[in-house]
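The next block holds one structure in the form of structure tokens; read it before the comments.
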Amino acid sequence: MDVRVDRHRCLGAGMCALTAPAVFDQDEDEGLVVLLDARPAEDRRAAVRVAAGVCPAAAITLTERGSAPVSPEGGKGVKGSSAPGS
């Protein structure tokens, strides 16, 4: 699993940091998401999936190895990116 975050979309709600604190944090200045681990270990992946699902700004994109990126809204690819399916 590869994890990407879009700090421009982030609202600073902090749900990701509460749900998967080993993978996400918030910066002290604006409270925006900080990605701590772009390739989390197997035992952290369930929490990362939940964090992506509860993000109110859909600022977290997960890519399972061998597949196209999937945003929390269920769409493939990320708007404005060069990822397949955009």
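The shown structure was predicted, so the numbers you read here are calculated from the model rather than taken from an experiment. For this chain, numbers begin at 1 and follow the sequence in order. Side-chain atoms are counted along with the backbone in the values below, which use heavy atoms only and exclude waters and symmetry mates.
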*asked:* Tell me the closest heavy-atom pair linking P56 and A13, and the distance in Å.
replied: CG-CB, 3.7 Å
*Go through the steps to decide whether L62 and R4 satisfy the test side-chain contact (heavy atoms from CB on, under 4.5 Å), and finish with yes or no.*
CA-CA 6 Å; L62 307 179; R4 291 185 306 181; over 6 Å; no
*When you check the gap from the basic side-chain N to the acidic O, do R45 and E64 get nearer than 4.0 Å?*
no
*L35 vs F24 side-chain heavy atoms within contact, under 4.5 Å*: yes
_Whether Q26 side chain and A17 backbone form a donor-acceptor pair below 3.5 Å_ = no
*Do the side chains of L32 and H8 get nearer than 4.5 Å, heavy atoms only?*
no
_Heavy-atom donor-acceptor pair, R39 side chain to D2 backbone, under 3.5 Å_ = no
*Closest heavy-atom contact between T19 and A51?*
CG2-N, 3.7 Å
*Please report the closest heavy-atom contact between A58 and R9, naming both atoms and the distance.*
O-NH1, 3.5 Å
*With I60, which of V54, V23, V5 fulfils side-chain contact (heavy atoms from CB on, under 4.5 Å)?*
V5
*Which atoms form the tightest heavy-atom contact between L36 and P21, and what is the distance?*
CD1-O, 3.5 Å
*pair V3-T61: side-chain heavy atoms closer than 4.5 Å*: no
*Do R49 and M1 have side chains that get closer than 4.5 Å, going by heavy atoms?*
yes
